[in-house]
Amino acid sequence: MKTTPFIRLCAFLLSSILFLYAPWWVFWISVIAFLFYFPTYYEILVWGLVYDSVYGISSAGFGYFPYVCTAVGSILFLCAYILKKHLSVYE
Amino acid sequence: MNYVLKSSIHSKKMSLPMKTLIVFVACVFLAHLFFPQVIPSLASSIVSPFFKAQKEVLVGSFIPSEQAQNLLLEEALRENEELKKGLGRTTTSRTTLAYILKKPPFTLYDSYIIDIGKDFNTRVGNKVYAPGGILLGEVAHVDTHSSRVKLYSSSGEKFDVFIGEKNIEAEATGRGGGLFEVIIPRDVHVVEGDIVRVPRISGGVFGRVEAITLDASRSFSSVIFAQPVNIYEQNWVLVEEGNERVEETQETATTTSKK
């Protein structure tokens with residue numbers, strides 16, 4: 001897939017707006033979509049960390065782990081990396 | 001003959017994405033270990049202007065819901081009768097009004113982001129109330145100009161409550177979305193509509209029993225109660241400053257000294 005810096009910048013701006021003003025599930029769906037659109041989407045790691053920094057609280061539902069979204073972003077990045085190696089569309 | 005070295009056949013270097021991931025995780029771990037407040041403070045200071053701009057557009061009204069008012073009136077009348085027979089202790093608590101910048105479903109957890117922080121002497125652990133005095137949660141994280149509030153209805157959160165007129169003590173567990181669950185022995189007499197309170201001196205109305213689930217095969221029953229306010233509709237909250245203070249009235253002090 002061909003991606004230009006302009007498209008990447010637009011994706012970043014869209015993610016920023018959704019991060020600030022959209023429900024959490026809208027933001028994360030868009031980030032996951034970008035993760036599979038771009039060959040290597042490092043921004044998901046940063047978004048996970050920023051999300052925990054701004055919205056995160058140590059909740060009993062997650063075992064009081066303070067970096068839930070950071071961990072989720074890292075796991076998604078790893079899964080996408082492994083999956084893309086086997087998909088011809090990313091060659 | 002040329003023999004290819006075994007190591008050159010199987011040698012594989014780690015790819016850049018994997019190296020990046022490992023370095024990123026290591027940096028986050030070290031930052032949390034040595035500078036735990038740097039990243040949250042930096043992120044909050046960047047997004048705060050955007051949240052406050054949204055607040056300027058969306059400031060709502062500060063009126064308790066009708067359901068909350070009725071519930072508080074019932075509880076106030078009951079408490080008034082009890083206090084008349086008591087020792088005349090009074091309580092005072094100072095609160096600060098705060099606007100909710102972000103609330104569910106915009107936040108992933110059952111939490112609020114409010115517009116007061118260290119600038120208004122807010123501290124971790126300060127209780128947070130809805131208009132009308134309904135306890136919602138407590139402050140979990142404080143930044144310079146904002147704070148994060150963890151609602152007690154967050155999934156998995158546990159705390160002690162009293163149920164009904166007999167003040168049956170039980171442990172409530174948050175189920176998310178403003179709902180709570182209490183597991184009590186089946187023989188305990190609890191009915192729908194019973195008021196749920198938290199251990200406090202001044203009333204502390206927390207909710208009302210909505211449903212009771214009985215299972216004939218089990219010796220326990222599940223009580224579901226909800227708060228009389230909708231956490232998704234709140235725009236303002238009151239943040240308690242420090243701990244609730246208890247003062248004795250002059251009459252009580254005089255009576256005690258005579259004895």
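Here is the naming used below: chain letters follow the sequence lines, and residue numbers restart at 1 for every chain. Here the structure is a predicted model, which is why all the values come from computation and not from measurement. Values below: every heavy atom of this structure, side chains too, minus hydrogens, waters and symmetry copies.
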* Per-residue contact mode, A/T40 against chain B (heavy atom under 4.5 angstrom) ->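 Side chain only.
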
* Asked: Any side-chain heavy-atom pair from A/W24 and B/P104 closer than 4.5 angstrom?
  ->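 A/W24 does not reach B/P104 side chain to side chain.
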
* Side chain to side chain, B/V28 and A/Y67, heavy atoms closer than 4.5 Å -> yes

Would you be so kind as to tabulate the donor-acceptor pairs closer than 3.5 Å made by side chains of residues 57-65 of chain A, with sequence neighbours excluded?
{"residue": "A/S59", "atom": "OG", "partner": "A/G61", "partner atom": "N", "Å": "3.3"}

In terms of heavy-atom proximity below 4.5 Å to chain A, should [X] be classed as side chain, backbone, both, or neither?
X: B/K102; value: side chain
X: B/I39; value: both
X: B/L16; value: both

* Heavy-atom pair with the smallest gap, counting every atom of A/V54 and B/F51 -> CG1-CE1, 4.0 Å

* Asked: Got a donor-acceptor contact below 3.5 angstrom from the B/R148 side chain to the A/Y55 backbone?
  -> no

Rounded distance (nearest 0.5 Å) linking atom [atom1] of [X] with atom [atom2] of [Y]:
X: B/I46; Y: A/S16; atom1: CD1; atom2: OG; result: 10.5 Å
X: A/F19; Y: B/F106; atom1: CZ; atom2: CZ; result: 13.5 Å
X: A/Y42; Y: B/L21; atom1: OH; atom2: CG; result: 10.0 Å
X: A/T70; Y: B/F24; atom1: OG1; atom2: CZ; result: 5.5 Å

* To do: Give a yes or no on whether B/F50 atom CZ has more than 12 heavy-atom contacts from other residues, nucleotides or ligands under 6.0 Å away.
  => no

* Near A/F12 CZ, under 6.0 Å, is it more than 12 heavy atoms from other residues, nucleotides or ligands? ->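 Incorrect, the count does not exceed 12.
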
* Asked: Hey, which of B/G174, B/S155, B/S41, B/S44 has the most heavy atom pairs under 4.5 Å with chain A?
  ->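 Option with the top pair count is B/S155.
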
* Heavy atoms only, distances under 4.5 angstrom: which of B/P105, B/G156, B/A43, B/G176 has the most pairs with chain A? Name it, please. =>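 Result: the option with the highest number of such pairs is B/P105.
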
